[in-house]
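Chain letters run A, B, ... following the sequence lines, proteins first, then strands; residues in each count from 1.
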Amino acid sequence: MGILENLYKMTAIQDFINNPGYLLMLAIGSFLLYLGIRKQYEPLLLVPIAFGVILANLPGGGMGVVSADLINLEGGHTKNLLEIAQDHGIMNFLYYSLIKTGFLPPIIFMGIGALTDFGPMLRNLRLAFFGAAAQLGIFIVLIAAIALGFTAKEAASLGIIGGADGPTAIYTTIKLAPHLLGPIAIAAYSYMALVPVIIPLVVRLTCSKKELLIHMKDMDKQYPSKLKIKNLRAVKIAFPIVLGIIISIFVPSAVPLLGMLLFGNLIKEIGVNVARLSEAATGSILNTATIFLGLSVGATMTAEVFLDFKTIMIVVGGFLAFAVSIFGGIMGVKVTNLFTKKKINPLCGATGLSAVPMASRVANDIALKYDSSNHILQYCMSSNISGVIGSAVAAGVLISFLQ
Amino acid sequence: MGILENLYKMTAIQDFINNPGYLLMLAIGSFLLYLGIRKQYEPLLLVPIAFGVILANLPGGGMGVVSADLINLEGGHTKNLLEIAQDHGIMNFLYYSLIKTGFLPPIIFMGIGALTDFGPMLRNLRLAFFGAAAQLGIFIVLIAAIALGFTAKEAASLGIIGGADGPTAIYTTIKLAPHLLGPIAIAAYSYMALVPVIIPLVVRLTCSKKELLIHMKDMDKQYPSKLKIKNLRAVKIAFPIVLGIIISIFVPSAVPLLGMLLFGNLIKEIGVNVARLSEAATGSILNTATIFLGLSVGATMTAEVFLDFKTIMIVVGGFLAFAVSIFGGIMGVKVTNLFTKKKINPLCGATGLSAVPMASRVANDIALKYDSSNHILQYCMSSNISGVIGSAVAAGVLISFLQ
Amino acid sequence: MGILENLYKMTAIQDFINNPGYLLMLAIGSFLLYLGIRKQYEPLLLVPIAFGVILANLPGGGMGVVSADLINLEGGHTKNLLEIAQDHGIMNFLYYSLIKTGFLPPIIFMGIGALTDFGPMLRNLRLAFFGAAAQLGIFIVLIAAIALGFTAKEAASLGIIGGADGPTAIYTTIKLAPHLLGPIAIAAYSYMALVPVIIPLVVRLTCSKKELLIHMKDMDKQYPSKLKIKNLRAVKIAFPIVLGIIISIFVPSAVPLLGMLLFGNLIKEIGVNVARLSEAATGSILNTATIFLGLSVGATMTAEVFLDFKTIMIVVGGFLAFAVSIFGGIMGVKVTNLFTKKKINPLCGATGLSAVPMASRVANDIALKYDSSNHILQYCMSSNISGVIGSAVAAGVLISFLQ
Amino acid sequence: MNEMGIALELLGVGMVTVFIILALVVILGDLIIRFVNKFMPEPEKVSAAKSTVSVPEINSKKIAAIVSAVSKVTNGGGRVVNIEKL
Amino acid sequence: MNEMGIALELLGVGMVTVFIILALVVILGDLIIRFVNKFMPEPEKVSAAKSTVSVPEINSKKIAAIVSAVSKVTNGGGRVVNIEKL
Amino acid sequence: MNEMGIALELLGVGMVTVFIILALVVILGDLIIRFVNKFMPEPEKVSAAKSTVSVPEINSKKIAAIVSAVSKVTNGGGRVVNIEKL
Ligand code: NA
Ligand code: NA
Ligand code: NA
């Protein structure tokens, strides 16, 4: 009898009876796994996040991230990592050493930088400008969220989903509203996966057939103006260095993200002499960081934190932020077209929201549907890549003003 | 004169004169290296452990793991990792950040999961049940150890050697009796390497020739009952998710081990979409974890800690635990055979103790010696793999009751 | 108006106006990048260091390593890593967890050990002795630096540049004079890259044509004495173990460096059974360590720390240390030649300063210029490899006496 | 003896738990197989098509060619684990 | 409303900053291209020789050839994990 | 001057230690070679047999063949970094 009672006490059955929210969270985790595995929504991130959600909501497993209140001590001190591991288990050890410190997002940006080729952007440099207009959703949703009762920090973390950049959204949220990290990360990655749905939707609502038929290569032939690059390798090496320094002077709080992005890009472009480094940055470091980021971000989503009205607002707001950003990019092109003879296809603005290179592929497919000779992929890539810089800059502004 | 004196003081010669135990430990470390290099006993773990033993026993080198008494401060606080590194050197930094936190064993389990194929188990699912009987040695040795004066926590750490699973033994010992970590880890890995000796020994003592001649494939033909799997990939993906959730509800304290094992397995089975993750889990993460686990586990074996009566008990008790577990697995089959017409070769029970896939290969070799057409490898793999789950569950029970 | 003011405050422009030193540091960082990328001076280390310098000197970016005064609390305590990350950003998190703890240099030594082949040294064992004479520059520059007003600890860190070994120099400086880490690391790696210039310079000043014509292979034929190695693999496995133990007894403080070097070498020589470990040691671990070592060492060079008279002294003193070490190696040979019939080419002494294998290649090229049949590469490699051990031993002595 | 009492209880609880769990493994495995056999008996084609999309730089024809070449000459024993475009 | 004031200011500051920065990206990129075109128009030969080393031009046909060659000589036991251009 | 005294002592202790250690390297290396020559002059067969079990059985001739094949198709620019037996 005593044995059976002890056996029952050991199980988590009573916890589920006391708090059925755990079961709901397990269902949500399983649904996210379904999205990642079957629907192939950004599986590299969504699968670890989803599994982290499941681990965190197995009561008694000690794999859920605990509130910072349990970590903070008096006098501005915190528990140290050894104490965190002993008191709260390995998932909190991971979360507080790798995520809460703001460490992993810049590390992932280093890997992304080492995977990014700035070539398409350099060849169509003017289009890079539309990466700015496509940050509109960030700030519009920020305003809307404040109107709905979010604090400024929470609203900024919600808005940054409109940057369409996972690590940037995570980094900003860590700095401003860590209690919303789970839903914001999931919204960011889910909507990135839904870009093939969201872009056509916004384009259909805002662009005329005539605009979508604007033929980028014909325009280039009609109004040739582009600088020819005589030594691409030298330009590609100089570009991240100069850019990094100048941007950082204007938005210093973006240095951890943009600095690491451009460092990764630099070691990529230097090539063979530092190939060991770029292999590590894009290989073991990036992959390891992705696993631990995913698991521990997912593990922040315990029933208590997630089952909150704000989560639904994040789901809705994140979608709006995406849509408004795409709208901003399109409007940026339309306004420009009012003043220039050399017209730009508005699809090259829609791709300003990051989500490299998926946004460009989607935009290209739309253009080809209207005119099968209108290959605009290379043009879209320019604003697409500059959108990464744009959202990191926007994040820097938000962090600088609100932290 | 002063120079020579200072020179002598710098050396560790006086330390060896004061405490010749260091020399004995260096000899033990060298012997372990011999086992790992020449005898090829689990070299991946035993070589780093052995080198850790040597490093720890070079007095003055500061590479031995110090007692937790030197790390714990008043009020439940501990030194932080930076203080540990500055006061006690890099090996303690490694040990207290990666081992004492319980971090590495689950990480290694993630890698093992990503290397494990549950296919053979799914194809012979009923045999998986015998992975339970083969945990008997854990609890029998636990009782014996308590009778001989070990505390319950120490006895549990000793018994878990009978699970034949290195990371599980290490994880349990970290949680229950960290001062015994070195000898228990070494015993676990040494006896795993001795499986080709221990299994035949126990089989010879307990099984009749008639039993060993039971022909598994013939039995399958005679009593066909197995479910045909129509979509192996889908089953393999669903299996770790469902299993993880259900097991974790019953034994929540096994979540860090089993959760990570099944996460690793899940990313393996998802395949190409998350190949970066499974490559990292089985490659750089697993290998790095192995090096640091081995070195720092070895470094816990300083002369003061190791040269103790308990170490000999662990060597003897660990062997018993292995033997009794194999015996348990065999008896499980024998008892089942009493009640069924479809007989099972008892070798399929002997492999229930983990040590994948070596135990299965050894059992297969024995079966082939009696009947050269009796290929039982695939059958053995079922209980062999389930033995990993079984010992992790047993570890969860021990931790849950004793911590 | 308020917006523009806030916008201006966000930028770092005012910081540059207040402290133009930052601009100078950015120029220095860019120059180091030029050396690493264009001149290919040890790019694997110099590029990350240079980028670290740039990141650290973007005011407001929070990527500069702060003084230990801001980390140390009263009572011998320090901020923990989580507090360091929150107060001072990710670069300080990296620096204080990986560098200040003394962690990365031994880890890099493990990788170097796993890349080093002791074969050439074992085949010409007697020449290994000249790796000792080539440590002279360390101690001569130490004396000179003290005469010029450096503290003993600073002087030792400066002198160790003469060991021509990056990780050893960094490890010693972390232990003795961490405030000089940036310039010393840069000097060490820059002069290692300048070995093709420095060795010929010193050789020209000290060696006669007759000496440089000494033909090593002819001497070997004339005075055959070398032991034939019948089982190279066994020797190569035993060597790091025995050597590690004996050296460590004499210079215990060199254990973290030499122990890890010899561990790396051991797993290399064991071969296939532990290939996973040596792949990790030379691959993901070494590359990751190099990136983070480089970035965070570079990030110690903030304007305040670097723009100091001592920096110039380090640049000059480092060069002297290199030159005197080469001189010491050459004089070691010359003195030996006075007492033996079997003459040694002094170039085999010049290579005693480490910088494997570049020093040997440079020496070989010089020898071939004088006599195109005088291939001395294999001979040079002996003192070259032993020079690594020699400088680690010297570092151990310095740390033992001064820490 | 108290410690011994704990030990005996652990023997009971432990072995019972292990048996329950591995029984669950058998039962759940069985249920999953039946469920999959019933509701998704064939590896779906859509997912297969999608996954080729996710291997971007080297086109699928080339991969198929390489893979079949490898399979042929290796009699099914070899596998191309990873092909990276350089 | 104070929070809303901040929000509106952020809209202003944020969008202006992003526009300035991406304008700088365009301008700096243009200047770098012009600078490089003027002062180092050709990939310098020393560096170029070295840099070709860095772009391993092993095309897929060659890979297929290698893979099949490997399979053949190893009787299906070998696999090419990685081919690096030296 | 005290600091200078330390410096001179370090010169003495340091150079003496380095010379002793590298003398030990020479002597120990010599002893190990003699010991191995005497007691295990040949790479033992048992271990060799064992290691072939664990070594993917791709023998050196095959590797040579593969390497030369790779060199040929890549015009000397490729190198086989690793071959694994599956
Ligand atoms: Na963006
Ligand atoms: Na087991
Ligand atoms: Na040296």
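- Heavy atoms of C/Ala155 lying under 4.5 Å from chain F are absent altogether.
- Of the listed residues C/Gly396, C/Ser391, C/Ala152, the one with more heavy-atom pairs under 4.5 angstrom with chain F than any other is C/Ala152.
- For a residue to count as touching a neighbouring chain, one of its non-hydrogen atoms must lie under 4.5 Å from one of that chain's; by this rule F/Leu10 touches chain C with backbone and side chain alike.
- With a threshold of 4.5 angstrom between heavy atoms, F/Ile21 approaches chain C through side-chain atoms but not through N, CA, C or O.
- Counting only heavy atoms from C-beta outward, the side chains of F/Val25 and C/Phe239 approach each other to under 4.5 Å.
- Among all heavy-atom pairs drawn from F/Val26 and C/Ala128, the shortest one is CG2-CB, 4.3 Å.
- Of the residues considered (C/Leu402, C/Leu136, C/Ile138), C/Leu136 shows the highest number of contacts with chain F, using heavy-atom pairs under 4.5 Å.
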Evaluate side-chain contact (heavy atoms from CB on, under 4.5 Å) for F/Val13 paired with C/Phe139, printing each intermediate quantity in order. CA-CA 10 Å; F/Val13 174; C/Phe139 300 99; over 6 Å; no
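- When heavy atoms are compared at a cutoff of 4.5 Å, C/Ser400 does not approach chain F at all.
- For a residue to count as touching a neighbouring chain, one of its non-hydrogen atoms must lie under 4.5 Å from one of that chain's; by this rule C/Ile246 touches chain F with the side chain only.
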Take C/Ile247 and F/Leu24 through the side-chain contact (heavy atoms from CB on, under 4.5 Å) test and state the conclusion after the steps. CA-CA 8 Å; C/Ile247 292 182; F/Leu24 278 172; over 6 Å; no
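- The choice from F/Leu11, F/Asn37, F/Asp30, F/Leu31 that makes the most heavy-atom pairs within less than 4.5 Å of chain C is F/Asn37.
- In terms of heavy-atom pairs under 4.5 Å with chain F, the best-connected choice from C/Phe130, C/Phe401, C/Phe250, C/Phe118 is C/Phe401.
- Residue contact with chain C, scored on non-hydrogen atoms closer than 4.5 Å, involves the side chain of F/Val36 exclusively.
- Distance CD1/F/Ile32 to CD1/C/Ile237: 11.5 Å, rounded to 0.5 Å.
- Taking every heavy atom of both residues into account, F/Val18 and C/Gly390 meet most closely at CG2-O, 3.9 Å.
- Nearest heavy-atom pair across C/Ala132 and F/Met15 is O-CE, 3.6 Å.
- The nearest pair of heavy atoms linking C/Lys228 to F/Ile33 is O-CG2, 4.1 Å.
- What you find for F/Ala7 and C/Leu142 is that their closest heavy atoms are CB-CD2, 3.6 Å.
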